[in-house]
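This chain uses plain numbering: 1 for the first residue, then up along the sequence.
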Amino acid sequence: MGNKLTAIVLAGAIALTLAACGNQEREQGLAAATREKETAATTEASSYKSMFSSSVFLGDSITEGLSFHGVLDDRNVMGKAGATAMFALEDVDDLAGRNPKHVFIQLGSDDLLWPTDDPKQFSLTNYAKLIGKIKEKLPKAKITILSVTPVTAEAEKSEPRYKNIADYNQGLKELAAKEKVDYTDVSPIFKANPDLHDKDGIHMKAEYYTQLLKLLQDQVK
């Protein structure tokens, strides 16, 4: 009986040891996978910082997320909460001082909310002035207009004027053609990655910005 009990206890101890080893191996595997993922993300971020080192992104709080999340350095981002095409006219001298080869402009989220009879036309008029001023100060720079990012259904319900984003983006596309600058539609990013919005349904998680730079990388090569 004693030998049998000893055998049972020994078997149980062995089983516990094996289970502990198995759990430890799984934990080590998960930790290694996490480290690998973090390393890959750090490498990717470093790669983008180098790739866009001669670029400046001009825009509102959506654009500001590029530096807020550490995806690009502050010198490559000119994003301000509440910025509109009209307000951005005041920043062209600062932009010119950074002497970028590529200028990416993403404005409109706040322009759509501007208290005027025709916010779209008011914004596009100032957008055209902005592009003209940038061309004057930076004649060799390549300019790309980025479409306004979509908002969630909940955000649109809270602020019905966001329903005009698609129409506004069409106006931006036509403006780009008229001014002979590039236009990039960012909406495919959201079709492939539907969970990129922050809690307010307007601003973006860090992942959006790496996807954005991935979309734009061919433009700076």
Side-chain angles (χ1 to χ4, degrees), residues 29-74 76-83 102-113 142-173 176 181-221:
L30 287 171
T34 300
R35 285 195 300 271
E36 187 177 335
K37 188 176 181 181
E38 289 174 351
T39 300
T42 302
T43 302
E44 183 180 36
S46 177
S47 173
Y48 283 137
K49 285 183 179 182
S50 174
M51 192 181 298
F52 288 88
S53 61
S54 298
S55 302
V56 171
F57 286 76
L58 177 66
D60 50 33
S61 57
I62 305 294
T63 299
E64 190 178 21
L66 277 163
S67 53
F68 177 80
H69 290 291
V71 179
L72 289 181
D73 293 325
D74 288 343
N76 301 112
V77 183
M78 293 178 63
K80 295 180 182 178
H102 304 87
V103 179
F104 295 93
I105 312 173
Q106 189 169 41
L107 292 161
S109 291
D110 294 303
D111 295 72
L112 287 167
L113 310 180
K142 179 181 177 182
I143 301 172
T144 300
I145 295 176
L146 305 180
S147 65
V148 175
T149 50
V151 301
T152 62
E154 292 78 7
E156 189 177 287
K157 187 176 180 181
S158 299
E159 176 45 82
R161 285 177 290 183
Y162 284 131
K163 291 180 180 178
N164 298 320
I165 287 177
D167 180 58
Y168 182 82
N169 282 338
Q170 180 59 35
L172 286 181
K173 187 175 182 180
V181 298
D182 290 338
Y183 173 81
T184 297
D185 178 13
V186 303
S187 63
I189 296 174
F190 297 89
K191 292 174 183 175
N193 308 271
D195 188 32
L196 293 178
H197 286 93
D198 218 331
K199 292 180 181 179
D200 64 1
I202 301 168
H203 294 89
M204 305 297 157
K205 298 175 183 176
E207 187 186 349
Y208 161 71
Y209 298 100
T210 55
Q211 292 297 323
L212 174 64
L213 298 187
K214 184 178 181 180
L215 178 70
L216 300 174
Q217 62 185 349
D218 288 341
Q219 296 193 32
V220 295
K221 289 180 179 178

In residues 51-65, what donor-acceptor pairs under 3.5 Å come from side-chain atoms, sequence neighbours left out?
unit_1: Ser53; atom_1: OG; unit_2: Ser50; atom_2: O; d: 2.9
unit_1: Asp60; atom_1: OD1; unit_2: Ile62; atom_2: N; d: 3.0
unit_1: Ser61; atom_1: OG; unit_2: His203; atom_2: NE2; d: 2.8

To the nearest 0.5 Å, what is the distance between [atom1] ([X]) and [atom2] ([Y])?
X      : Y      : atom1 : atom2 : answer
Lys142 : Gln219 : NZ    : CD    : 4.5 Å
Ile202 : His197 : CD1   : NE2   : 8.5 Å
Thr149 : Gln106 : OG1   : CD    : 5.5 Å
Thr210 : Leu66  : OG1   : CG    : 10.0 Å

Please give me the minimum heavy-atom distance between Val148 and Ser109, naming the atom from each residue. CG1-OG, 3.4 Å
Leu172 to Leu107 - nearest heavy-atom pair and separation: CD1-O, 4.2 Å
Can a salt bridge be assigned to the pair Lys205 and Asp195 using a cut-off of 4.0 Å between side-chain N and carboxylate O? yes
So, [X] side chain and [Y] main chain: donor-acceptor pair closer than 3.5 Å or not?
X      : Y      : answer
Asp185 : Ser187 : yes
Asn169 : Ala166 : no
Thr144 : Asp182 : no

Apply side chain to side chain contact (heavy atoms under 4.5 Å, CB included) to [X] and list each qualifying residue two or more places apart in sequence or on a separate chain.
X      : result
Phe68  : none
Leu196 : Ile189, Phe190, Asn193, Glu207, Tyr208
Lys80  : Ala83, Asp91
Ala206 : His69

Can you give the donor-acceptor pairs under 3.5 Å from side chains of residues 151-160 to other protein atoms, not counting sequence neighbours?
unit_1: Thr152; atom_1: OG1; unit_2: Ala155; atom_2: N; d: 3.2
unit_1: Ser158; atom_1: OG; unit_2: Glu154; atom_2: O; d: 3.2
unit_1: Glu159; atom_1: OE1; unit_2: Arg161; atom_2: NH2; d: 3.1
unit_1: Glu159; atom_1: OE2; unit_2: Arg161; atom_2: N; d: 3.0
unit_1: Glu159; atom_1: OE2; unit_2: Arg161; atom_2: NE; d: 3.0

So do the side chains of Phe104 and Thr184 get within less than 4.5 Å of each other, counting heavy atoms only? no
Between Leu72 and Leu213, does a side chain to side chain contact (heavy atoms under 4.5 Å, CB included) hold up when you go through it step by step? CA-CA 10 Å; Leu72 289 181; Leu213 298 187; 3.8 Å; yes
For Leu212 and Val71, what are the C-alpha separation, side-chain angles and deciding distance, and is it a side chain to side chain contact (heavy atoms under 4.5 Å, CB included)? CA-CA 10 Å; Leu212 174 64; Val71 179; over 6 Å; no
Is it the case that over 12 heavy atoms from other parts of the model lie below 6.0 angstrom from the NZ atom of Lys173? no
